[in-house]
Amino acid sequence: MPANPIGRALRGRRAGQHTLVWARPELSAPEGFALTSPAFEHNGAIPEEFRGKVFGPNVSPAIEWTEPPADTIELVLIVQDPDVPFGKAATHALAVGIDPALGGIPENGLANPSPVKGLVFGKGAFGKLGWMGPMPPRSHGPHAYVFQLFALDRPLSLAEGFALEDALHAMDGHVIARARLDGIYESV
């Protein structure tokens, strides 16, 4: 397939790692547990089966975590792409109400509705609830998809369809640990 001239023209434009939720000082905490996926290694390629689709299912990869701190009440998952060619990272998944005892979310567990009990979705890319897989502009180069998992010392009790800013405001002062997993995807 020939190169996309728009993707090539925008190659130098990236929102940047500083636009990730991870970079917010008020949500900083020790990396007190680990986040992994059986589908890809940290900084490895995200398999094609998990790419985004405008029409059709967006299948999320399974993720797993080690035991978070004992006083963790709830986990929050935020998946963002900091390599989009505009001002801020794009949110590809936003979920609260995750039971830390689960130890992971199965493949397609971020589908809406989710098979994971208690999980509540906020609005992600294009206002979508649930997983919206990687869909970078063709020929723009590799994009990082940053899975950020935050351990909280209290429940957030947000209603489905909340905005990212609602979650960030509710999380402020309550993050006790965090974990990160980066995957790479490129549309050629």
Side-chain angles (χ1 to χ4, degrees), residues 15-29 31-33 35 37 50 52-54 57-65 68-69 71-84 86-135 143-183:
Q17 293 277 325
H18 69 281
T19 66
L20 291 169
V21 168
W22 191 265
R24 291 178 176 243
E26 70 274 17
L27 301 178
S28 183
E31 292 182 42
F33 62 120
L35 180 61
S37 175
F50 304 113
K53 297 176 181 73
V54 176
N58 279 278
V59 177
S60 61
I63 58 171
E64 300 167 348
W65 54 84
D71 49 349
T72 302
I73 303 297
E74 178 177 313
L75 297 174
V76 173
L77 177 66
I78 303 169
V79 182
Q80 293 180 298
D81 172 2
D83 293 314
V84 293
F86 39 87
K88 63 181 182 175
T91 301
H92 284 262
L94 176 55
V96 302
I98 303 169
D99 181 351
L102 290 175
I105 296 174
E107 183 174 306
N108 211 30
L110 296 175
N112 184 30
S114 176
V116 179
K117 187 177 188 293
L119 193 139
V120 178
F121 290 119
K123 293 178 190 169
F126 309 112
K128 181 175 172 41
L129 301 180
W131 173 254
M132 185 65 164
M135 292 191 335
H143 281 225
Y145 291 85
V146 183
F147 292 70
Q148 304 155 90
L149 192 62
F150 297 89
L152 306 179
D153 63 3
R154 73 175 185 114
L156 294 189
S157 302
L158 295 171
E160 185 167 297
F162 62 90
L164 177 60
E165 288 303 319
D166 297 330
L168 300 181
H169 178 72
M171 292 166 63
D172 191 356
H174 297 284
V175 177
I176 56 174
R178 60 189 188 159
R180 177 173 167 164
L181 171 65
D182 293 16

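These figures come from a predicted structure and were not determined experimentally.
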Between CE on residue Met132 and CG on residue Asn112, distance to nearest 0.5 Å: 12.5 Å
Side chain proximity check, Asp71 to Ile176, heavy atoms < 4.5 angstrom: yes
Audit row: Leu27, Val21, side chain to side chain contact (heavy atoms under 4.5 Å, CB included) steps and yes/no: CA-CA 8 Å; Leu27 301 178; Val21 168; 3.6 Å; yes
side-chain hydrogen bond (donor to acceptor under 3.5 Å, both in side chains) against His92, all qualifying residues, sequence neighbours excluded: none
Straight-line distance of Asp153 CG to Thr72 OG1, nearest 0.5 Å: 8.5 Å
Heavy-atom side-chain proximity of Leu75 to Leu152 below 4.5 angstrom: no
Distance-minimising heavy-atom pair for Ala90 and Val84: CB-CG1, 3.7 Å
Point-to-point distance, once rounded to the nearest 0.5 Å, from CD of Gln80 to CH2 of Trp22: 11.5 Å
Which residues share a side-chain hydrogen bond (donor to acceptor under 3.5 Å, both in side chains) with Arg154, sequence neighbours left out: His174
Check: Ala29 main-chain N/O paired with Arg178 side-chain donor or acceptor under 3.5 Å: yes
pair Ile98-Trp65: side-chain heavy atoms closer than 4.5 Å: yes
Candidates Phe147, Phe50, Phe121 - the one meeting ring-ring contact (aromatic ring centres under 6.0 Å, His included) with Trp131: Phe147
Flag, side chain of Glu64 to backbone of Gly104, donor-acceptor distance under 3.5 Å: no
Lys88/Glu165 ion pair, N-O < 4.0 Å: no
Non-hydrogen atoms of Ala151 and Pro69 that approach each other most closely: CB-CD, 4.4 Å
Side chains of Val175 and Ser28 in contact at under 4.5 Å (non-hydrogen atoms): no
Verdict with reasoning, Leu119 to Val96, per side chain to side chain contact (heavy atoms under 4.5 Å, CB included): CA-CA 6 Å; Leu119 193 139; Val96 302; over 6 Å; no
Shortest non-hydrogen separation from Glu74 to Pro155 and the atoms involved: OE1-CA, 3.1 Å
Pairwise distance CD(Gln148) to CG(Leu94) - rounded to 0.5 angstrom: 10.5 Å
pair Leu35-Arg180: side-chain heavy atoms closer than 4.5 Å: no
Nearest heavy-atom neighbours spanning Ile73 and Pro100: O-CD, 3.6 Å
Side-chain heavy-atom pair Pro61, Leu110 within 4.5 angstrom cut-off: no
Under 3.5 Å: donor-acceptor pair, side chain of Ser60, backbone of Glu107: no
Atom of Asp83, atom of Ala144 and distance for their closest heavy-atom approach: OD2-N, 2.7 Å
Gap between atom CG of Asn58 and atom NZ of Lys128 - 0.5 Å precision: 5.5 Å
Flag, side chain of Ser114 to backbone of Val116, donor-acceptor distance under 3.5 Å: yes
Atom of Leu20, atom of Ala89 and distance for their closest heavy-atom approach: CD2-CB, 4.2 Å
From CG (Leu164) to NZ (Lys123), nearest 0.5 Å: 12.0 Å
Polar side-chain atom of Asp172 near backbone of His169 as donor-acceptor pair, under 3.5 Å: no
Asp81 side chain near Pro134 side chain, heavy-atom distance below 4.5 Å: no
Ile78 side chain near Leu168 side chain, heavy-atom distance below 4.5 Å: yes
